[in-house]
Protein chains: 2
Amino acid sequence: MSPRPSVRPGGRSARVQQSVHTAVRELQAERGRPDLTVPLIAARAGVTPSTIYRRWGDLKELLSDVAVERLRPEAPPADLGSLREDLEHWAVSFLEEMSSPAGRCYIRDALAGDPDGSNAGQCSAYAIEAVETILARAAQRGEHVPPTDAVMDHVVAPMMYRILFRQGLLDPQYARDLVATVFYRLMPLP
Amino acid sequence: MSPRPSVRPGGRSARVQQSVHTAVRELQAERGRPDLTVPLIAARAGVTPSTIYRRWGDLKELLSDVAVERLRPEAPPADLGSLREDLEHWAVSFLEEMSSPAGRCYIRDALAGDPDGSNAGQCSAYAIEAVETILARAAQRGEHVPPTDAVMDHVVAPMMYRILFRQGLLDPQYARDLVATVFYRLMPLP
DNA sequence: AGAGCCAAGCAATGATTTTGCGTTAAGGTG
DNA sequence: CACCTTAACGCAAAATCATTGCTTGGCTCT
């Protein structure tokens with residue numbers, strides 16, 4: 001998140017932020033991404049454009065904030081009883097969400113309006129959190145688990161790379177194959 | 001590349017494209033990325049702003065085109081005599097270039113102004129070409145080689161992911177470690 | 001409850017983007 | 001080689017968007 005100065009926790013500031021974010025989501029759905037402009041969003045949100053410019057700097061940064069919010073997972077990864085199943089299920093869902101037209105758009109928006117890299121960092125933080133949840137659960141069951149970064153490097157990163165740079169090579173089996181690679185070839189030896 | 005309609009190959013159109021690209025590079029160096037505007041670029045290039053708007057649509061798309069051009073490798077990957085050395089050397093150089101402030105900026109620009117994914121596709125095509133050159137040379141020497149996509153998925157993708165989403169975890173040893181992973185664990189069995 | 005301060009509103013100004021129309025130069029054809 | 005067609009450029013006006021100084025309103029803390 002990056003509202004210009006630090007946002008006051010409650011009251012009017014919070015209401016403005018809320019209504020602006022809502023306006024962006026609604027207009028994005030109604031009129032499509034490329035038609036969004038700051039004055040349009042401001043009108044829908046019931047604020048003046050200068051409020052948006054002062055708080056977010058420009059449209060790119062506002063869209064970046066909204067995108068990160070939409071990329072936040074809504075629920076922790078499912079627990080299916082084994083590391084293998086949990087990772088496969090999570091990877092397949094992740095790929096499906098992220099590779100959809102909407103998902104790709106959010107990722108690109110999040111990257112585009114992010115001067116200091118904090119929004120992009122937040123995206124990877126969500127993925128790291130999900131992976132660590134799965135790995136911790138498996139460890140508790142007594143399973144051998146790979147390092148978090150092995151999963152990030154060899155499951156998450158390849159999916160993201162194809163989503164951003166090589167669209168069209170994406171199906172659920174790809175996600176499962178990547179998990180298999182980590183599972184059989186990068187797992188610490190028992 | 002994505003000039004609006006198909007660019008006429010020679011003559012005036014080509015000259016305009018050339019001078020606009022040059023203007024972007026010069027101004028980027030002189031005044032810094034965030035100060036670039038279409039009218040400024042147009043003035044430097046000796047064209048009217050409307051020419052740029054008509055040909056590229058907006059600043060984002062123009063910068064995307066210029067960025068892809070700057071991401072094109074200038075020379076084929078070095079031949080050091082073995083697959084392992086070639087891959088390590090190439091990966092280290094790639095990481096160094098791409099993770100520099102300028103490199104990251106170009107990558108993000110290339111992604112940001114790229115409605116149909118063709119510029120991003122071109123970026124991965126450059127990497128694929130370099131990797132295939134290295135692999136083909138090694139195969140000719142009689143070495144066992146991994147599939148191109150194994151290198152893309154487990155060397156290039158992890159580096160790119162960290163560059164975009166997790167800055168600060170990047171050093172040359174990381175590139176060598178990724179190569180080692182592919183080399184020892186994903187190589188087809190002899 | 002009152003004081004201080006931060007953020008939002010308003011409005012004027014300046015910059016950028018869009019558009020219609022006339023002109024020029026490429027590329028093709030007789 | 002001259003002519004014809006058409007895409008692309010220049011110019012200028014109009015519309016939209018971005019910026020900024022100043023004022024006003026509403027949190028937060030004492």
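It should be emphasised that the depicted structure is a prediction, and the values quoted were computed from it without experimental measurement. Here is the naming used below: chain letters follow the sequence lines, and residue numbers restart at 1 for every chain. Computed over heavy atoms, backbone and side chain alike; hydrogens, waters and symmetry mates excluded.
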message: If I take atom CZ in residue B/Arg12 and atom P in nucleotide C/dG27, what distance separates them, rounded to the nearest angstrom?
response: 11 Å

task: Please collect all salt bridge (Lys or Arg N to Asp or Glu O under 4.0 Å) contacts where either partner lies in residues 164-182 of chain B, sequence neighbours excluded, each pair once.
output: A/Asp149-B/Arg166

task: Using heavy atoms and a sub-4.0 Å distance, could you list which residues of residues 30-52 of chain A are near DNA chain D? By number, please.
output: A/Thr37, A/Val38, A/Pro39, A/Ser50

task: Return the value, rounded to whole Å, for the distance between atom CZ of B/Arg15 and atom C1' of C/dA26.
output: 10 Å

field: Trace of the side-chain contact (heavy atoms from CB on, under 4.5 Å) decision for A/Ile134 with A/Arg137
entry: CA-CA 5 Å; A/Ile134 290 171; A/Arg137 243 171 11 208; 4.2 Å; yes

message: Assess whether a salt bridge exists between B/Arg33 and B/Asp109, defined as any Lys/Arg side-chain N lying under 4.0 Å from an Asp/Glu carboxylate O.
response: yes

field: Ionic contact status for B/Arg84 with B/Glu143, cut-off 4.0 Å
entry: no

- prompt: If only side-chain N and O atoms of B/Arg55 are considered, is one of them under 4.0 Å from the OP1 or OP2 phosphate oxygen of D/dC9?
  reply: yes

- prompt: Hey, is the side chain of A/Arg54 pairing donor to acceptor with the base of D/dG21 inside 3.5 Å?
  reply: yes

Using atom types as modelled, flag every donor-acceptor pair under 3.5 Å from a side chain in residues 40-47 of chain B to any protein atom, sequence neighbours excluded.
from	atom 1	to	atom 2	distance (Å)
B/Arg44	NH1	B/Glu26	OE1	2.8
B/Arg44	NH1	B/Glu30	OE2	3.1
B/Arg44	NH2	B/Glu30	OE1	2.9

field: Cluster link A/Ile128 to A/Val145, ILVMFWY, side chain under 4.5 Å
entry: yes

query: Tell me: CG of A/Asp58 to C1' of C/dA15, nearest whole Å?
result: 15 Å

